[in-house]
Protein chains: 2
Amino acid sequence: MAQKVKLSTIAETLGLSTATISLALRDSPLVAADTREKIKEKARALGYIYNRRAASLRTSRSGIIGVVVHDIMNPFYGEILKAIESELDRSRHTFILSNHYDSVEKQRTFIETLLQLGGDGVIMSPAIGTPVEDIKLAEDNGMPAILIARQMEGLEVPTYRGDDSYGISLATNHLIGLGHRTIAMIGGTDQTSTGRDRYQGYVNALRKAGIEVDPELRIPGPRTKQGGFEAAVHFLSLPQKPTAAVCWNDLVAIGLMNGIARAGLVPGRDISVTGYDDLEEASIATPSLTTVWNGQAEVGRLAARALLDKLAGSHEPDGIHLIKPEMRIRQSTGPIHTR
Amino acid sequence: MAQKVKLSTIAETLGLSTATISLALRDSPLVAADTREKIKEKARALGYIYNRRAASLRTSRSGIIGVVVHDIMNPFYGEILKAIESELDRSRHTFILSNHYDSVEKQRTFIETLLQLGGDGVIMSPAIGTPVEDIKLAEDNGMPAILIARQMEGLEVPTYRGDDSYGISLATNHLIGLGHRTIAMIGGTDQTSTGRDRYQGYVNALRKAGIEVDPELRIPGPRTKQGGFEAAVHFLSLPQKPTAAVCWNDLVAIGLMNGIARAGLVPGRDISVTGYDDLEEASIATPSLTTVWNGQAEVGRLAARALLDKLAGSHEPDGIHLIKPEMRIRQSTGPIHTR
DNA sequence: CTGAAAGCGCTTACAG
DNA sequence: CTGAAAGCGCTTACAG
């Protein structure tokens, strides 16, 4: 490894000052066009590597944006991240990703690391129990935050998420329309705004249809395929014998369908199942999954844009921006079928 | 946002020098214990945030490690990343993640960004067609690279991956043992070392069993669930009427099983299907998937350790480290069953 | 259009 | 055990 090439190396080689080199490499019109070309060529020839830490120390902008969600391996977040990534790529920002696995501490460590690196902003789906101070820590140190998928009370921060209450009512109404009356709700937790909203939407839809709400028909907890799969046993042994299940998300729904199939029943015929999110996988599940499109790509794109706009100085409106969900009817739901 | 708190702020407040503050905050034994405590408390009270760019500019170590793979949304890489993350977390390193989607250019941009940020090292699953120079770029600038999952010729870099040729022969032999003779191979590409090795392993196993290799039984390409799902049509219309399929990975296998089920056949009975990787999902698929454990967690853990050891100065042996795959027999394979 | 000089916030020999 | 001073590699007014 040769001697490190820096601005001054190029400057000396060409008999110019570092100021000129710096300006030229950043395409400043202050530098004559042919000088600029000569400089750029020399930089390339010498294998010059721009030192962002030095620049960032001076300018106090790093080009780094942090993104932290519950779990990037969850395709729901994966689809959001993909949209964020493509939006940020375009603006030459580097993004640093992290999972918090709903650990407030892990999330705080991440925010601190980001501050230490001089992060320009952060997009986050806050961990369960996140105190307002943790978001303020970021904002107070000049690092704006944008929330996705989950909202927080007592905070004026731009938030992008689906309209969960409305979305789950679409699914519930769809089942009611097919004649189902004993409808279970599988998965989710009351500890997140999303969880509360979805359960409420389910309850409201049932009430509106004049169906009594039986709390025993709720099986809270599952949020993954594995969870849905394991919940199948509990679900199938419910004394009320539900004919349909509204699931927390597509993963739970697919897991549940696997569990139902394992028990010898046919999902979509014997038991109707709805998902939530409309992951890419929903349409190739067997049977293909009736679900609610939740606009992951939209959420990611809008959140990234909002942050970039904010960094560019324009004042994005704070508060909650709801994406309107849409029903996707496929094969996993059908008319009521008595077991 | 108040005035920025820096080392000198604390120094002035306490009537000490920045040198002492700096040492104290990093727990140097050079500073008296009570001075140290006083300093730490004051730092906390003032809301001091360590400026890593400044430190890194001085020390030329950043604590940043880059990880770039084909697609973090692919659970195969997700499982590797999880292992890397937990290993790196322990050593207080920050890791920056990126997808290259097999674009050499995107990968190069990532390596350059990492160099600009002063990355300490990089763990990568090289994009198809990666030139040796791109890895050298990193190494020549003092940023060691570790390869995972895919290897590269003409390079002395530590590489961690499964023994693909051996692994796929396990799956093929398992099917042969069940009486299958017309076995298709679905998915993968000759453009990666992994792809070539797996196809070769399949061919060798057939030959060893005295079964003629029919190139028409290979359907290259698919690497995702969607791909496997779509390949089902082609597979089911093969004039040779294969009774079993060795799939490129679990995703393709699950997609293929979905496609087979959609066509009214029962995977595991009418058609035997093997996967590869043993993703968490394999055991809850319906039917549960017979597959080959590929040691993702091992690969991630070992690669991270190798990098950390290298950074700590110990000389890790270069070259290829193979993880030995193991068979996992479940319900998706069974005795031959004529259609 | 180009240059000289200060400064971003740390750490590290070197003194004492 | 603590301090004074230089320097990491940039960018940015300010001069000319």
Side-chain angles (χ1 to χ4, degrees), chain A residues 2-40 42-43 46-64 112-113 115-120 141-142, chain B residues 2-40 42-43 46-64 112-113 115-120 141-142:
Chain A
Q3 196 58 34
K4 199 128 205 168
V5 178
K6 41 193 170 176
L7 283 193
S8 62
T9 318
I10 306 176
E12 283 162 21
T13 317
L14 293 174
L16 290 167
S17 75
T18 58
T20 304
I21 311 293
S22 170
L23 292 169
L25 291 179
R26 282 173 300 137
D27 286 321
S28 163
L30 288 175
V31 179
D34 52 337
T35 315
R36 197 195 314 153
E37 280 321 303
K38 203 164 52 185
I39 291 173
K40 287 195 161 186
K42 185 55 84 179
L46 291 173
Y48 170 68
I49 287 170
Y50 179 67
N51 187 327
R52 280 223 235 179
R53 293 110 87 202
S56 150
L57 184 56
R58 181 61 228 251
T59 62
S60 69
R61 289 202 86 186
S62 63
I64 291 176
E112 276 165 7
T113 300
L115 285 170
Q116 294 179 356
L117 292 171
D120 292 338
N141 285 285
Chain B
Q3 196 57 34
K4 199 128 205 168
V5 177
K6 39 193 173 175
L7 283 193
S8 61
T9 318
I10 306 176
E12 282 161 24
T13 317
L14 292 174
L16 290 167
S17 75
T18 57
T20 306
I21 310 292
S22 170
L23 292 169
L25 291 179
R26 282 173 299 136
D27 286 320
S28 162
L30 289 175
V31 180
D34 51 339
T35 314
R36 198 196 313 153
E37 279 322 302
K38 205 164 49 186
I39 290 173
K40 287 195 162 186
K42 184 56 84 181
L46 291 174
Y48 170 68
I49 287 170
Y50 179 67
N51 188 327
R52 280 223 234 177
R53 293 111 85 203
S56 150
L57 184 57
R58 182 60 228 249
T59 62
S60 69
R61 289 201 86 185
S62 64
I64 291 176
E112 275 165 10
T113 300
L115 285 170
Q116 294 179 356
L117 292 170
D120 293 338
N141 284 284

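Hydrogens, waters and symmetry mates are skipped; everything else that's a heavy atom, side chains included, is used. Letters A, B, ... mirror the listed sequences (proteins, then strands); counts begin at 1.
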Exercise for review: Would you indicate what A:Gly15 reaches in the nucleic acid, counting non-hydrogen atoms under 4.0 angstrom: base, sugar-phosphate, or nothing?
Suggested key: sugar-phosphate

Check your understanding: Which atoms form the tightest heavy-atom contact between A:Ala24 and A:Ile39, and what is the distance?
Key -> CB-CD1, 3.5 Å

Check your understanding: For A:Leu7 and A:Tyr48, which heavy atoms make the closest approach, and how far apart are they?
Key -> CD2-OH, 3.5 Å

Less than 3.5 Å apart, which donor and acceptor atoms pair up between the side chains of residues 49-58 of chain A and the rest of the protein, not counting sequence neighbours?
from    : atom 1 : to       : atom 2 : distance (Å)
A:Asn51 : OD1    : A:Arg53  : N      : 3.0
A:Asn51 : OD1    : A:Ala54  : N      : 3.1
A:Arg52 : NE     : B:Gln116 : OE1    : 3.1
A:Arg52 : NH1    : A:Ser62  : O      : 3.1
A:Arg52 : NH2    : A:Thr94  : OG1    : 2.8
A:Arg53 : NE     : B:Ser56  : OG     : 2.6
A:Arg53 : NH2    : B:Ser56  : O      : 3.2
A:Arg53 : NH2    : B:Ser56  : OG     : 3.2
A:Ser56 : OG     : B:Arg53  : NE     : 2.6
A:Ser56 : OG     : B:Arg53  : NH2    : 3.2

**Study point:** B:Ser17 vs A:Ala19, nearer the 5' end of DNA chain D by closest nucleotide
**Key:** B:Ser17

**Study point:** Close approaches to DNA chain D from residues 20-34 of chain A, in residue order (heavy atom, under 4.0 Å)
**Key:** A:Ser22, A:Arg26

Review point. Tell me, which pairs form a side-chain hydrogen bond (donor to acceptor under 3.5 Å, both in side chains) where one or both residues lie in residues 7-17 of chain A, sequence neighbours left out?
Key: A:Ser17-A:Thr20

**Study point:** Close residues, residues 48-63 of chain A, relative to DNA chain C [heavy-atom separation under 4.0 Å]
**Key:** A:Leu57, A:Arg58

Check your understanding: Which is the 5'-most and which the 3'-most nucleotide of DNA chain D that has an atom under 4.0 Å from a heavy atom of chain B?
Key -> D:dC1 to D:dG9

Check your understanding: Got a minute to check which stems DNA chain D is part of, using Watson-Crick or G-U wobble pairs under 3.5 Å, three or more consecutive?
Key -> C:1-3 with D:14-16, C:5-12 with D:5-12, C:14-16 with D:1-3

Review point. Taking only residues two or more places apart in sequence or in another chain, which ones pass side chain to side chain donor-acceptor pair (under 3.5 Å) with A:Ser60?
Key: none

Please tabulate, for the side chains in residues 25-35 of chain A, all donor-acceptor contacts under 3.5 angstrom to protein atoms that are two or more places apart in sequence or on a different chain.
from    : atom 1 : to      : atom 2 : distance (Å)
A:Arg26 : NE     : A:Ser22 : O      : 3.2
A:Arg26 : NH2    : A:Ser22 : OG     : 2.8
A:Asp27 : OD1    : A:Lys40 : NZ     : 2.7
A:Asp27 : OD2    : A:Lys40 : NZ     : 3.4
A:Ser28 : OG     : A:Leu30 : N      : 3.0

